[in-house]
Amino acid sequence: IKAKEGESEMGQDGKKTAAGIAEDFQRTKIFEYLKKKQGDFKNYIPDTPETFHLYGEEFELEYCLLTLTLASYKTSFLPPSFEGGTFDSLLHDVWKKIDTKPGAWEVAQRKVAEAVYVVCEETHQIILECTDKNSFYKAIICAYTDEGNNLYDHLNSALRRQRHTDYQPRADDLALGPYVLMYQLLLLFWSKLHKERRVTYRKMKISPEDLDKYKVGTKFVWMSFVSSSVELKTAERFPTRLTTSGDRSVVFKIDNSSSCPWQPRNIEKYAKYMEEERVYPAGAKFLVTERTEDEQQRYQTNISLKLLK
C-alpha cells in the first residue's frame with residue numbers, strides 16, 4: 001500500500017510506503033518493524049476473483065464498495081438531502097448534484113484524481129488538468145480504456161472482491177472508490193453514452209470450475225465493469241490480465257434487446273483505442289440461454305446470454 005499524493009514537513013509523501021514515511025521521520029523502531037512485515041509479502045500473489053455472482057442470493061453485495069465510498073466522501077458526493085428510496089435513486093441524485101450543481105464536478109475531479117494517483121501518476125495529472133466538466137468525464141473513460149496504466153485491472157479486481165463471503169475491502173480498493181463511483185455514474189446516467197441494443201461479444205479465460213457455473217437457465221450478475229464489442233474479432237482483444245484465472249476460453253454472445261439501465265454503453269468516441277467498445281455498468285444481470293462446445297476450437301465454449309432488466 002502506498003500513500004496518495006501529499007506533503008508533510010518532511011516533503012512529498014506521494015507513492016511512499018509506510019516504511020518509507022517512517023524512515024523520513026527517523027522513526028527507527030517503526031521503520032524496522034514495517035520493513036520486517038514487508039518481507040512477509042514478497043511472495044504474495046494477489047487473488048483474481050471471478051466476476052460471476054448468482055442472482056437471487058442476498059444481493060446487497062454489488063453496492064458495497066460504492067456505499068463505502070459515499071459514506072467516506074459524504075460532503076464531496078452526497079446531495080444535501082435524500083428522502084429515501086432505492087440505492088439506484090440515490091446514485092441518480094449523486095449524479096444530478098455532480099452534473100448540475102456549480103462547482104460540484106470540480107470537487108469530484110479532485111477526489112477522482114487523488115484516487116488514481118498511486119496506480120498511474122500520468123492519469124492523475126490528466127484528470128487534474130481538465131478545465132471543464134465534459135473533458136473531466138471523457139478523461140475518466142479514456143483512463144479506463146488505456147491498457148498502459150493498469151487501472152482496468154485494479155478497479156475490476158476491487159469490484160469482484162465484493163462477492164467474497166464476509167467481504168472486507170482492502171485499503172487500495174477503498175482508495176479507488178471515487179473513480180469507481182464516477183465511472184459507474186457515467187455509464188448509468190451520462191446522456192452522451194448511448195445504450196447498445198444490438199448483440200455484443202465478450203471473450204474471457206476462466207477455470208473449469210468457474211465455467212461450470214454458467215449453466216443454461218442460470219441467472220447471474222457480473223460484479224465488475226465488463227467490456228464487450230459489437231464485433232467478435234474485436235472482443236477477443238480486450239485485456240484479460242487479472243480476469244484470467246484458467247485455461248478455458250469462453251465466448252459470450254449477449255442479447256441486449258431488453259431496454260434497461262444495464263444495457264452496455266457505447267464509449268468508443270472517448271476510448272483510448274477504436275475497438276467498437278461497449279461497457280456494462282457494474283452489477284449487470286444476465287440469463288444463460290444456450291451453451292455449446294466449439295467444434296473448431298478445442299477448449300472453447302460458446303455461451304449465449306440475455307441481459308435482464
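Interatomic distance, S258 OG to K285 NZ, rounded to the nearest 0.5 Å: 12.5 Å. Here the SG atom belonging to C120 is positioned 7.0 Å from the CG atom belonging to D146, to the nearest 0.5 angstrom. Distance check: L128 CG to E114 CD gives 8.5 Å after rounding to the nearest 0.5 Å. Separation of atoms CG (D255) and NZ (K306) is listed at 4.0 Å; rounding is to 0.5 Å. In this structure, the separation between CG on L307 and CZ on R197 is 10.5 Å, given to the nearest 0.5 Å. Taking CG from D173 and CG from L155, the interatomic distance works out to 10.0 Å, rounded to the nearest 0.5 Å.
For K96, the salt bridge (Lys or Arg N to Asp or Glu O under 4.0 Å) test picks out D93, with sequence neighbours left out. Residues that satisfy the salt bridge (Lys or Arg N to Asp or Glu O under 4.0 Å) test with R248, not counting sequence neighbours, are E293. By the salt bridge (Lys or Arg N to Asp or Glu O under 4.0 Å) test, K133 pairs with D99, sequence neighbours left out.
The two atoms that bring E277 and Y144 nearest to each other are OE2-CE2, 4.2 Å, heavy atoms only. Closest of all the heavy-atom pairs between A282 and M223 is CB-O, 3.4 Å. In terms of heavy atoms, Y280 sits closest to T200 at OH-OG1, 2.8 Å. The nearest pair of heavy atoms linking D132 to N134 is OD1-N, 3.2 Å. Heavy-atom minimum distance, P281 versus W262: CD-O, 3.7 Å. Scanning all heavy atoms of the two residues, the minimum distance from T289 to V216 falls at O-CG1, 3.8 Å.
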Start with the C-alpha gap between Y270 and W190, add the side-chain angles, then the distance that decides, and say whether ring-ring contact (aromatic ring centres under 6.0 Å, His included) holds. CA-CA 13 Å; Y270 311 110; W190 195 26; 5.2 Å; yes
Is there a side chain to side chain contact (heavy atoms under 4.5 Å, CB included) between T69 and V180? Walk through the geometry before answering. CA-CA 9 Å; T69 299; V180 174; 6.0 Å; no
Evaluate the side chain to side chain contact (heavy atoms under 4.5 Å, CB included) criterion for residues V279 and T145: first the C-alpha distance (whole Å), next the side-chain angles of each, then the deciding distance (0.1 Å), finally the verdict. CA-CA 10 Å; V279 180; T145 61; 5.9 Å; no
Would you please test L68 and L174 for side chain to side chain contact (heavy atoms under 4.5 Å, CB included) and show each step? CA-CA 8 Å; L68 289 169; L174 294 173; 4.0 Å; yes
May I have the step-by-step check of side chain to side chain contact (heavy atoms under 4.5 Å, CB included) for E209 and D212, ending in yes or no? CA-CA 5 Å; E209 293 77 18; D212 286 343; 5.5 Å; no
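In this structure a side-chain-to-backbone donor-acceptor pair under 3.5 Å is missing from R202 to K253. Side-chain atoms of S229 do not come within 3.5 Å of backbone N or O of L232 as any donor-acceptor pair. No side-chain donor-acceptor contact under 3.5 Å links N256 to the backbone of V199. Judged purely by atom type and a 3.5 angstrom limit, R291 uses its side chain to pair as donor or acceptor with the backbone of Y214. In this structure, H124 contributes its side chain and V116 its backbone to no donor-acceptor pair below 3.5 Å.
Contact check for K203 versus V251: side-chain heavy atoms found under the 4.5 Å cut-off. Looking only at side-chain heavy atoms (C-beta outward), M182 and Q184 stay at 4.5 Å or farther from each other. You'll find the side chain of V230 stays beyond 4.5 Å of the side chain of Y201, heavy atoms only. In this structure, the side chains of K111 and Y73 come closer than 4.5 Å at one or more pairs of heavy atoms. Side-chain contact between F87 and L70 is present, with at least one heavy-atom pair separated by less than 4.5 Å. In this structure the side chain of L91 reaches within 4.5 angstrom of the side chain of L185, judged on heavy atoms. A 4.5 Å side-chain heavy-atom check between I127 and F136 finds at least one atom pair inside the cut-off. For the pair T301 and D294, the minimum side-chain heavy-atom distance is 4.5 Å or more.
Note: the hydrophobic cluster containing V250 also contains L305 (ILVMFWY, side chain heavy atoms under 4.5 Å, direct or indirect links). Connection of V112 to V107 is not established within any shared hydrophobic cluster, with ILVMFWY side chains joined at heavy-atom distances below 4.5 Å, either directly or through further cluster members. Linking Ile, Leu, Val, Met, Phe, Trp and Tyr whenever their side-chain heavy atoms come within less than 4.5 Å puts V119 and L65 in one cluster. Put simply, L78 and Y183 are part of the same group of oily side chains (I, L, V, M, F, W, Y) that touch within less than 4.5 Å, one to the next.
In this structure, a donor-acceptor pair under 3.5 Å is present between the side chains of Q125 and E129.
Paired with N266 under the rule side chain to side chain donor-acceptor pair (under 3.5 Å), one option of H194, R278, E196 passes, and it is R278. Among the candidates F220, F286, W222, the single residue satisfying the ring pair (Phe, Tyr, Trp, His ring centres under 6.0 Å) test with F252 is W222.
Aromatic pair W95/Y137: ring centres closer than 6.0 Å.
Counted within 6.0 Å of NZ on K97, heavy atoms from surrounding residues, nucleotides or ligands total more than 12; the atom is thus considered enclosed.
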